[in-house]
Undergrad: 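Structure incoming, see below.
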2 protein chains.
Amino acid sequence: MVKIKEIEKSTEIKILEAAKQEFLERGFDGARMQKIAERAGINKALLHYYFRSKENLFKAIFQSVFENFFPKVVKTFQSEISFLEKLRFFIDNYIDVLSNNPFLPAFILHEIQLRPEMLINSIKEQGFNPTVFLNLFKKEMDNGVICTMPAEHLVVNILSMCIFPVAAAPIIKGMIFKNDDKEYQKFLEERKNIVYQFVINSIKK
Amino acid sequence: MVKIKEIEKSTEIKILEAAKQEFLERGFDGARMQKIAERAGINKALLHYYFRSKENLFKAIFQSVFENFFPKVVKTFQSEISFLEKLRFFIDNYIDVLSNNPFLPAFILHEIQLRPEMLINSIKEQGFNPTVFLNLFKKEMDNGVICTMPAEHLVVNILSMCIFPVAAAPIIKGMIFKNDDKEYQKFLEERKNIVYQFVINSIKK
DNA sequence: AAATGGTTTAACTAACTGGTCAAAGTTATA
DNA sequence: TATAACTTTGACCAGTTAGTTAAACCATTT
């Protein structure tokens with residue numbers, strides 16, 4: 001019983017990992033069940049044994065992947081460190097997450113454009129609340145620490161500068177760095193400071 | 001002869017318009033030749049008569065669409081208006097372009113991630129030169145008008161804040177504006193000023 | 001060791017999709 | 001008007017793809 005469970009789990013995980021790769025790289029329409037099976041080193045019929053359909057498998061992947069796309073922010077923002085430290089920590093952390101999941105941004109943006117209805121479930125299931133985010137800045141504005149501006153715009157500005165450079169990686173790589181991966185990676189690393197400074201410069205009083 | 005040419009052109013344009021819609025909304029893998037034919041109100045075989053294959057048709061679309069993605073910037077930046085006016089004009093203009101082509105950003109980012117080799121042709125054909133862009137800012141830095149920072153990062157920051165909010169439209173709409181299209185559109189309109197101010201605040205001395 | 005129940009596979013099916021083709025339609029030219 | 005050249009169409013084909021099925025496999029229980 002124990003052993004069966006373990007094997008089952010292991011196969012399921014192999015499938016999920018293979019499917020994640022395939023879907024992230026190719027998108028739902030470009031992904032192939034056969035390819036997922038090959039990547040997982042199993043028979044294609046097993047995919048349907050564990051997950052009824054391609055759609056089902058995709059939903060399972062999408063949920064887990066979607067969580068990574070939204071910064072895990074609550075704990076950080078509730079901790080006792082200063083506002084500036086929170087901001088710095090967030091940017092650092094988020095650029096790292098995206099840098100380690102280079103396909104994530106373009107994947108999410110494309111799939112959600114294709115099926116916006118997927119958002120509804122994902123948001124509920126994963127309980128990301130933009131308010132936590134917004135309130136961090138509103139508080140500092142109210143306290144007169146930073147300049148007043150619509151918090152929604154400020155948040156979108158910050159997220160833009162973290163996410164877009166990863167979503168557009170091949171373009172930036174190609175047009176600015178002559179397709180040199182290392183140069184691009186250095187660029188991303190630099191952005192941790194650059195984005196932080198850029199934001200601070202803009203909102204400091 | 002004249003009439004044939006006109007009809008031919010008209011059919012070709014109908015195809016290109018239909019294909020543009022289909023490809024932008026669904027991506028290459030999600031697009032269907034049959035659907036393109038229906039959208040154009042013609043027989044599917046005609047698609048192959050005018051453009052040999054789906055691949056070919058896609059390339060034709062991609063080239064023309066890709067041009068829109070890169071700001072037409074040379075004329076503006078070479079004109080005699082001030083630096084600040086150039087910046088303001090650019091942001092205004094670019095957000096307008098993207099706002100009128102809501103599928104454009106996510107489409108480009110996804111397709112280029114899928115086939116980065118497409119970039120090579122597109123860049124050549126369309127001759128967008130990031131240097132023009134970079135130099136605008138470098139000059140002002142050298143002249144001591146704005147703070148010194150790596151111009152590449154500054155450009156990426158500005159582009160990020162223009163492009164991402166459109167690429168992520170369904171997410172922003174869903175999470176901040178309860179799927180209210182008008183609220184979101186207002187938000188985008190506001191960003192013309194917001195982004196401009198945000199950049200200026202950050203780089204002014 | 002035989003029966004049980006979950007797991008894995010090879011072979012297959014039905015639907016879809018890009019692409020072809022021969023015939024019909026249409027327009028310009030001789 | 002007849003012919004030639006281009007345009008458009010319906011019917012068809014071959015390859016691909018998600019999904020099914022029945023049989024084989026394997027570990028545990030009796």
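Here is the naming used below: chain letters follow the sequence lines, and residue numbers restart at 1 for every chain.
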Undergrad: I would like to know whether B/Phe62 and B/Ile108 meet side chain to side chain contact (heavy atoms under 4.5 Å, CB included); could you show each step before the answer?
TA: CA-CA 8 Å; B/Phe62 192 84; B/Ile108 296 278; 4.2 Å; yes

Undergrad: In whole Å, I'd like the distance from the NZ atom of B/Lys54 to the C1' atom of C/dT20.
TA: 17 Å

Undergrad: In this structure, how many angstroms lie between the P atom of D/dA18 and the CG atom of A/Leu47, rounded?
TA: 10 Å

Undergrad: Aromatic contact between B/Phe58 and B/Phe23, with the criterion being ring centroids under 6.0 Å apart: yes or no?
TA: yes

Undergrad: Sort and list the pairs that fulfil salt bridge (charged side-chain N to carboxylate O under 4.0 Å, His left out) and have at least one residue in residues 102-115 of chain B, not counting sequence neighbours.
TA: B/Glu111-B/Arg115

Undergrad: Give the nucleotide from the list C/dG18, D/dA18, D/dT7 with an atom nearest to the side chain of B/Tyr50.
TA: D/dT7

Undergrad: Under a 3.5 Å cutoff, is there a donor and acceptor pairing between the side chains of B/Gln197 and A/Ser202?
TA: no

Undergrad: For B/Thr11 and D/dT8, is the shortest distance between a side-chain N/O and OP1 or OP2 below 4.0 Å?
TA: yes

Undergrad: Mind checking ring-ring contact (aromatic ring centres under 6.0 Å, His included) for A/Phe83 and listing every partner two or more places apart, or none if nothing turns up?
TA: A/Phe137

Undergrad: Show me, pair by pair, the donor-acceptor contacts under 3.5 angstrom made by side chains of residues 90-97 of chain A, not counting sequence neighbours?
TA:
unit_1	atom_1	unit_2	atom_2	d
A/Tyr94	OH	A/Phe69	O	2.3
A/Asp96	OD1	A/Lys192	NZ	2.9
A/Asp96	OD2	A/Lys192	NZ	3.3

Undergrad: In this structure, how many angstroms lie between the C1' atom of C/dT7 and the NE2 atom of A/His48, rounded?
TA: 16 Å

Undergrad: Above 12 or not: heavy atoms from other molecules or residues under 6.0 Å from NZ of B/Lys139?
TA: no

Undergrad: Output yes when a side-chain donor or acceptor of B/Lys54 lies under 3.5 Å from a complementary backbone atom of B/Phe28, and no otherwise.
TA: yes

Undergrad: Can you pull the salt bridge (charged side-chain N to carboxylate O under 4.0 Å, His left out) pairs that have at least one residue in residues 75-91 of chain B, sequence neighbours excluded?
TA: none

Undergrad: What pairs with B/Phe77 under ring-ring contact (aromatic ring centres under 6.0 Å, His included), at least two apart in sequence or on another chain?
TA: B/Phe133

Undergrad: Between the protein and nucleotides 23-25 of chain D, which nitrogen or oxygen pairs come in under 3.5 angstrom?
TA:
none

Undergrad: Using whole Å, what does the distance between atom P of nucleotide C/dG18 and atom CD1 of B/Ile15 come to?
TA: 15 Å

Undergrad: My understanding is that only residues two or more places apart in sequence, or in another chain, count here; which of them pass salt bridge (charged side-chain N to carboxylate O under 4.0 Å, His left out) with B/Lys186?
TA: B/Glu183

Undergrad: For DNA chain C, what residues of residues 55-65 of chain B have any heavy atom nearer than 4.0 Å?
TA: none

Undergrad: Could you state the NZ-P distance from B/Lys14 to D/dT8, rounded to the nearest angstrom?
TA: 7 Å

Undergrad: Shorter than 3.5 Å, N or O on both sides, protein versus nucleotides 9-11 of chain C: list them out with atom names.
TA:
unit_1	atom_1	unit_2	atom_2	d
C/dT9	OP2	A/Asn43	N	2.9
C/dA10	OP2	A/Asn43	ND2	3.1
C/dA10	N7	A/Asn43	ND2	3.3

Undergrad: Sorted by first residue and then second, give each ring pair (Phe, Tyr, Trp, His ring centres under 6.0 Å) pair with at least one member in residues 157-179 of chain A; sequence neighbours left out.
TA: A/Phe177-A/Phe187

Undergrad: So which of residues 16-39 of chain B are in contact with DNA chain D, with a heavy-atom cut-off of under 4.0 Å?
TA: none

Undergrad: Strictly by salt bridge (charged side-chain N to carboxylate O under 4.0 Å, His left out), give each pair with a member in residues 38-47 of chain A just once, sequence neighbours left out.
TA: A/Glu22-A/Arg39, A/Glu25-A/Arg39

